[in-house]
Structures are given as C-alpha cells and as structure tokens.
Amino acid sequence: MKIDLLDTFSPQDNAWHHLLALETQVQSTQASLALHTKKLTNLCQSMETIAHSLQTLLECLPLPSPTSETLPTPSKMSSPACFNATMMAHSKIPHPALSNAYDGDHKTGEQFLQSCITYIQLSGRAFASDALKIGWVLFYMKLGHALTYALQVFLRNGGVRSFASWDEFECEF
C-alpha cells in the first residue's frame with residue numbers, strides 16, 4: 001500500500017505546500033525573465049554599436065559628384081561611330097555579384113574572402129578606405145562563428161578601425 005505524503009497533511013497544509021511551490025515557480029520565472037531582459041538589453045546595445053559603426057562607414061563612402069553632363073542627342077552625333085563611342089563612354093560596368101553570407105566554416109573561408117576581394121577590386125573607388133573594406137566584409141559575416149567574430153570586431157575599441165590596415169585584417173581572418 002502506497003501512502004502519499006500529502007494525504008498525511010491537513011487540507012490547510014496541502015494548500016500552503018501548493019502555495020509555496022507556486023511561489024518558487026514565480027521566483028524562478030522572475031529570475032529567468034531578469035536574465036533574458038539583461039541579455040536583450042546587451043543585444044540592443046550591441047545592435048546600437050553596430051548601427052553606429054555602419055553609419056560611420058557609410059559616411060566614409062565617397063558621394064557621387066553632381067554632373068551636368070548628359071547624353072548627347074542624336075542630332076549632335078555625326079556618325080554611328082560617334083554614337084557608339086559616346087554610348088561606351090557613358091555606360092557603366094556591371095557590378096559583380098555580392099558575396100553570400102558567411103557562417104565561419106573554415107572550409108569555405110578562403111573562398112568567401114576571395115569573393116569579397118574580387119568584388120572590392122572590381123568596384124573601383126567605391127571602397128576608398130581599409131575601414132570601409134573591412135566593414136563591408138564583416139557585414140556579410142551574418143551566421144554562426146562568423147557573426148560572433150564580426151560582433152567582437154564591431155565592439156572593440158575603434159571597431160573596424162582597430163585594424164591598422166586591410167593586410168592586418170586579412171591576416172587575422
């Protein structure tokens with residue numbers, strides 16, 4: 001015959017026992033909520049730091065200078081050769097494909113970095129500083145260990161400018 005300990009207590013004792021159990025659950029839930037609130041606050045601070053770093057990087061981008069140059073009208077072109085030369089002078093080279101998000105996998109790290117370097121080189125003067133190049137590469141580190149690394153860089157004193165040069169970043173990568 002199995003005897004339940006709660007059966008040996010009075011109804012009032014059972015009520016107090018349940019009340020204490022509920023109080024313990026409430027305290028545990030409050031502690032968990034406080035912990036998650038702290039984590040969320042830290043995450044928000046990290047996001048603000050990253051947003052500030054990205055804003056700083058955007059400010060480093062050279063703005064296109066306004067130009068009054070317009071395409072000539074057909075009446076101003078004397079020959080098809082002139083038209084072709086004019087159109088070639090005003091056409092833009094297509095941009096290369098952007099890099100895929102990187103997750104920190106060592107097997108694909110070199111490929112990721114090389115695709116970033118290729119994009120940067122083909123983009124001409126769009127990447128005027130090493131800090132801009134580094135920030136752009138870190139932007140594509142969106143998953144797994146790569147995201148952790150990127151966040152650590154953005155949270156360092158100096159952020160992307162904590163690297164003395166692109167070469168230093170590339171060596172650390």
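Below, each value reflects all heavy atoms present in this structure, side chains not excepted, and no hydrogens, waters or symmetry copies.
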Practice item. Look at atom CD of Gln12 and say whether more than 12 heavy atoms of other residues, nucleotides or ligands are closer to it than 6.0 Å. Key: no
Study note, to complete from the structure: To the nearest 0.5 Å, atom SG of Cys116 lies from atom CD1 of Ile134 at 12.0 Å
Point to revise | CA sep, side-chain torsions, deciding dist, call: Phe169, Val160, side-chain contact (heavy atoms from CB on, under 4.5 Å) | key: CA-CA 9 Å; Phe169 169 75; Val160 295; over 6 Å; no
Review point. Stepwise, does the side-chain contact (heavy atoms from CB on, under 4.5 Å) test hold for Asp130 with Asp167?
Key: CA-CA 9 Å; Asp130 285 348; Asp167 292 335; over 6 Å; no
**Study point:** Side-chain (Thr118) to main-chain (Gln114) donor-acceptor, under 3.5 angstrom
**Key:** yes
Practice item. With rounding to the nearest 0.5 Å, note down the distance linking OG in Ser32 to CD in Gln25. Key: 13.0 Å
Exercise for review: Please answer: with hydrophobic residues joined when any side-chain heavy atoms are less than 4.5 Å apart, are Leu143 and Phe139 in the same cluster?
Suggested key: no
Review point. Can you find a side-chain donor-acceptor pair between Gln111 and Tyr102 that sits under 3.5 Å?
Key: no
**Study point:** Intermediate values then yes/no, side-chain contact (heavy atoms from CB on, under 4.5 Å), Phe163 and Arg156
**Key:** CA-CA 10 Å; Phe163 293 99; Arg156 283 182 193 171; 3.3 Å; yes
**Study point:** Name of the residue among Lys38, Gln45, Lys39 meeting side chain to side chain contact (heavy atoms under 4.5 Å, CB included) with Thr41
**Key:** Gln45
**Study point:** Value rounded to 0.5 Å, distance of CD in Glu168 from CZ in Phe173
**Key:** 15.0 Å
Check your understanding: What is the distance from atom CG of Leu40 to atom CG of Leu35, rounded to the nearest 0.5 Å?
Key -> 11.5 Å
Review point. Can you name the nearest heavy-atom pair linking Asp105 to Asp103, along with the distance?
Key: N-OD1, 2.9 Å
Check your understanding: What distance separates Ser46 OG from Leu155 CG, expressed to the nearest 0.5 Å?
Key -> 4.5 Å
**Study point:** Shortest non-hydrogen separation from Gly104 to Ala146 and the atoms involved
**Key:** N-CB, 3.4 Å
Check your understanding: Can you tell if the side chain of Ser162 reaches within under 4.5 Å of the side chain of Asn157, non-hydrogen atoms only?
Key -> no
**Study point:** Atom pair CG/CD of Leu138 and Gln152 - distance to nearest 0.5 Å
**Key:** 11.0 Å
Review point. Can you tell if the side chain of Leu147 reaches within under 4.5 Å of the side chain of Met141, non-hydrogen atoms only?
Key: no
Review point. Does a donor on one side chain and an acceptor on the other come within less than 3.5 Å for Glu170 and Trp166?
Key: yes
